[in-house]
Amino acid sequence: MPKPTTVTCTRCRASAPIPEDRDHRPLWEAGWRWIGSQNLFSCPPCPPVIVVDEQGRHRRGPGADAQPVAAA
């Protein structure tokens, strides 16, 4: 199965290219968040699907339960 070339926000459907070298750090630094095992992604303007707490633990964020925005 081919690897995806973009990430798409689960809520608003915005997308961004995945770097060719598969290094996702630029996406994270730009504000993208994801829970890959659940195929959940959030773009910078939407509520994050995952948050990092003050002790560095990854927790489900408010965007993990957000419903997709209806297309106009």
Side-chain angles (χ1 to χ4, degrees):
M1 185 158 91
K3 295 200 182 262
T5 58
T6 61
V7 293
T8 302
C9 180
T10 306
R11 184 169 185 266
C12 74
R13 311 310 288 166
S15 64
I18 296 172
E20 286 187 33
D21 64 3
R22 311 302 292 176
D23 181 357
H24 287 67
R25 282 181 292 192
L27 291 169
W28 185 270
E29 290 167 358
W32 282 85
R33 300 293 181 258
W34 55 87
I35 305 173
S37 62
Q38 296 177 29
N39 204 30
L40 294 172
F41 300 88
S42 58
C43 66
C46 286
V49 295
I50 195 164
V51 294
V52 180
D53 69 18
E54 56 279 339
Q55 295 174 343
R57 296 178 293 209
H58 290 76
R59 306 275 187 197
R60 237 175 123 81
D65 298 318
Q67 297 298 313
V69 174

Test item: T10 side-chain N/O and F41 main-chain N/O as donor-acceptor pair under 3.5 Å: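 Here the side-chain-to-backbone pair exists.
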
Gap between atom [atom2] of [Y] and atom [atom1] of [X] - 0.5 Å precision:
X   : Y   : atom1 : atom2 : result
I50 : W28 : CD1   : CH2   : 5.5 Å
C46 : W32 : SG    : CH2   : 8.0 Å
I18 : D23 : CD1   : CG    : 11.5 Å

R59 atom CZ: more than 12 heavy-atom contacts under 6.0 Å: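 Enclosed: over 12 neighbouring heavy atoms sit under 6.0 Å from CZ of R59.
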
Would you name the heavy atoms of [X] and [Y] that are closest together and state the gap between them?
X   : Y   : result
C43 : C9  : N-SG, 3.5 Å
R33 : P48 : CG-CB, 4.0 Å
V51 : R60 : CG2-O, 4.3 Å
V49 : I35 : O-CD1, 3.4 Å

Beyond-backbone contact of L27 with P19, side-chain heavy atoms, under 4.5 angstrom: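 Heavy-atom side-chain distance check passes, below 4.5 Å.
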
Side chain proximity check, S42 to R11, heavy atoms < 4.5 angstrom: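 Heavy-atom side-chain distance check fails, nothing below 4.5 Å.
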
Centroid-centroid distance, H24 to W34, less than 6.0 Å: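 When the ring centroids of H24 and W34 are compared, they turn out to be within the sub-6.0 Å range.
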
